[in-house]
Amino acid sequence: MRTSWADSVANSASENAAPASSGNNGSLRSSRPAYVPPHLRNRTPSADLPASSPAVPSQANDRVGYAGPAGGSRWAGGSRPDYGRPGYGSGGRPAAAAAAGGWNNRSGGWERGREREVNPFGNDDGEVDSTFGEQENTGINFDAYEDIPVETSGENVPPSVNTFAEIDLAEALNQNIRRCKYVKPTPVQRNAIPIILAGRDLMACAQTGSGKTAAFCFPIISGIMREQYVQRPRGPRTVYPLALILSPTRELSCQIHDEARKFAYQTGVKVVVAYGGAPINQQLRELERGVDILVATPGRLVDLLERARVSLQMIRYLALDEADRMLDMGFEPQIRKIVEQMDMPPPGRRQTMLFSATFPKEIQRLASDFLANYIFLAVGRVGSSTDLIIQRVEYVHETDKRSHLMDLLHAQRETETNGKQSLTLVFVETKKGADSLENWLCVNGFPATTIHGDRTQQEREMALRSFKSGKTPILVATDVAARGLDIPHVAHVVNFDLPNDIDDYVHRIGRTGRAGKSGLATAFFNENNMSMARSLADLMQEANQEVPAWLTRYASRASYSGGKNRRTGGGRFGGRDFRREGSFTRVTDYYGGGNSSGGGYGVPASYGGGYGPGVASAWD
DNA sequence: AAAAAAT
């Protein structure tokens, strides 16, 4: 059976060690540790563990060299292992593992361990182009970053870095970063990576398309590579991932998995994805082959936990992508179950990272249940580059929407130039509405497809592929596609039906304006959307967009009582730590600065980045 | 009221 790197190393280490670790199962150990049923596991870690250290269940006591993330050196074991050095073996296995031997003691371990890892880059055989080749991404406009306001709060915030080189990531990971053609870290990466490497919990708020996935994947992979001697319990069925990444939709989990696999290529760190709507057996087989990082949607994960096929006992890293969505009404119970009612180590003994482009204060408050002494990070917009997404609002009566859309599509068709059809993503409110609009578009000669929760997973994935490839350059979607999905070449996002929440609008239009392309977002506004008038107008103004006079009138007329759609404060930029609010007094002395002026939350919609073509995906 | 997420 193939296992992950940490697993293999742990195993060989423990097998080579003197019969030191005599846990409650010590006498049963033969070639592999006996399975310990959950109720017999000693779940009380030593009390003198630093508060920020992850859980170390007793059977893991034979692990060496882990000093705890906040406790200075993580290299207590002595010299740094020569991990991932180029040209070593087929899997970039660490010298330590090879030297320790013992792989062949695992049933099937040797053969499977040597199996060549599929190259997820698909361009060549995975060689790093040391010259950085034709510099596909020289188009990245990093100057645009210089003006981005960054807000951090919390105790002892680690300083940001300016280059990947000055971050102590593993060499094998650095090679993958080069393969991905990431030359410099984005602002959220520059700030978040040192924070996570320092072992701190984090609530991070950064624009759509600004590199959040990599910001939490890099330090997780790096951290797992360093923890050489993690001893995980092993049962015939249960697996014990070290990191868990949750996301609100299946397609987003797939996308994160694809990205994470690139970053983890030849590091020996195994990434597995589990989500609903797909046969569970294949996912179970993948899990059995070993997993360090599990990417999942909540429902399927709960299923796996209830079947005891996955245990969260060894989780050291928990990342929630689209965290505000994960903690809103629909998802919160499931997330609480996973995080608080299964066997996941509590805050302080795991590292928790929450990422999103939006983060309403109420949700921040909720989220603080899952965090320990966390750092809040907000990477705001750059005023001058926000016009990468042009936002338009048009007053369109319900009955005129279809013909109006038709006009837009015709106009767009005429501007098609160099062969490649540009893509249009149309958001509607309901699944039924999606089907009906798709059908109408097809009947009228516009090749369209649709993605929503009433379609089978096969149909959903097919629709996404067909859209990405340009075969059907129009995709009609519900909010299932609103968040996180990185679809290159989306030129136009149409809010055929506006959402009822300004944050959803922010995420929807964030599907365009990525990778340095200019983006266009058009919203159809009518009497049904009056509750959005003010927040929409405020947001557009914040993003230096032209606000139609009629919208300003509705906005000023709109009666509200501080409703959730209102962006208060018209802040200089997004993301404010709710702990800075006067109303929040439980935590004291976090800041010298006292209360802020109470600004809005979230990050203005349209900072599109200025990334050049060729910059890889999953940047949410 | 709707969408998403397990079978």
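Please read all numbers here as calculations on a predicted model, not as lab measurements. To find a chain, count down the sequence lines: A is the first, B the second, and so on, and within it residues start at 1.
You'll find that the side chain of Lys431(A) is closest to dA3(B), out of dA3(B), dA6(B), dA2(B). The listed nucleotides are dA3(B), dA5(B), dA6(B); the one nearest the side chain of Glu306(A) is dA6(B). Closest to the side chain of Arg300(A), from the set dA6(B), dA3(B), dA1(B), is dA6(B).
Heavy atoms of Asp303(A) sit under 4.0 angstrom from at least one base atom. Residue contacts for Glu429(A): at a heavy-atom cut-off of 4.0 Å it reaches the sugar-phosphate backbone alone, with no base atom in range. Contact annotation for Arg307(A): no contact, since no heavy-atom pair falls under 4.0 Å across all strands. If you check every strand for non-hydrogen atoms under 4.0 Å, Arg325(A) touches a base. When heavy atoms are screened at a 4.0 angstrom cut-off, Gly453(A) is found touching the sugar-phosphate backbone but no base atom.
In this entry the distance linking NZ of Lys432(A) with P of dA3(B) reads 10 Å, nearest Å. Atoms CG (Leu305(A)) and P (dT7(B)) sit 14 Å apart, rounded to a whole Å. Protein atom CG of Asn528(A) is 13 Å distant from nucleotide atom P of dA2(B), rounded to whole Å. In this entry the distance linking CG of Asp321(A) with C1' of dA4(B) reads 15 Å, nearest Å. Rounding to whole angstrom units, CE of residue Met342(A) and C1' of dA6(B) are separated by 13 Å. One atom, CG of Asp504(A), and another, P of dA4(B), lie 12 Å apart when rounded to the nearest Å. One can place OH of Tyr505(A) at 24 Å from P of dA2(B), the figure rounded to the nearest angstrom. Following rounding to the nearest Å, Ile338(A) (CD1) and dA6(B) (P) show an atom-to-atom distance of 9 Å.
Under the 4.0 Å criterion applied to side-chain N and carboxylate O atoms, Lys262(A) and Glu259(A) are assigned as salt-bridge partners. Residues Arg336(A) and Asp369(A) are paired through a salt bridge, judged by an N-O separation under 4.0 Å between the basic side chain and the carboxylate.
By the neighbour-count criterion of 12 heavy atoms within 6.0 Å, atom NZ of Lys337(A) is sparsely surrounded, having that number or fewer from other residues, nucleotides or ligands. Counting heavy atoms of neighbouring residues, nucleotides and ligands inside a 6.0 Å radius, atom CE of Met462(A) does not exceed 12 of them.
Within the 4.0 Å cut-off from OP1 or OP2 of dA6(B), at least one side-chain nitrogen or oxygen of Thr297(A) is found. Between Arg460(A) and the phosphate of dA3(B), there is no side-chain N or O to OP1/OP2 separation shorter than 4.0 Å. Of the side-chain N and O atoms in Arg483(A), none sit less than 4.0 angstrom from OP1 or OP2 of dA4(B). OP1 or OP2 of dA5(B) sits under 4.0 Å from a side-chain N or O of Arg250(A). Distances shorter than 4.0 Å separate some side-chain N or O of Thr478(A) from OP1 or OP2 on dA4(B).
Side chain to side chain, Glu286(A) and Gln282(A) fail the donor-acceptor criterion of an N or O pair below 3.5 Å.
When Val302(A), Thr238(A), Ile280(A) are each tested for a side-chain contact (heavy atoms from CB on, under 4.5 Å) with Arg307(A), only one passes: Ile280(A).
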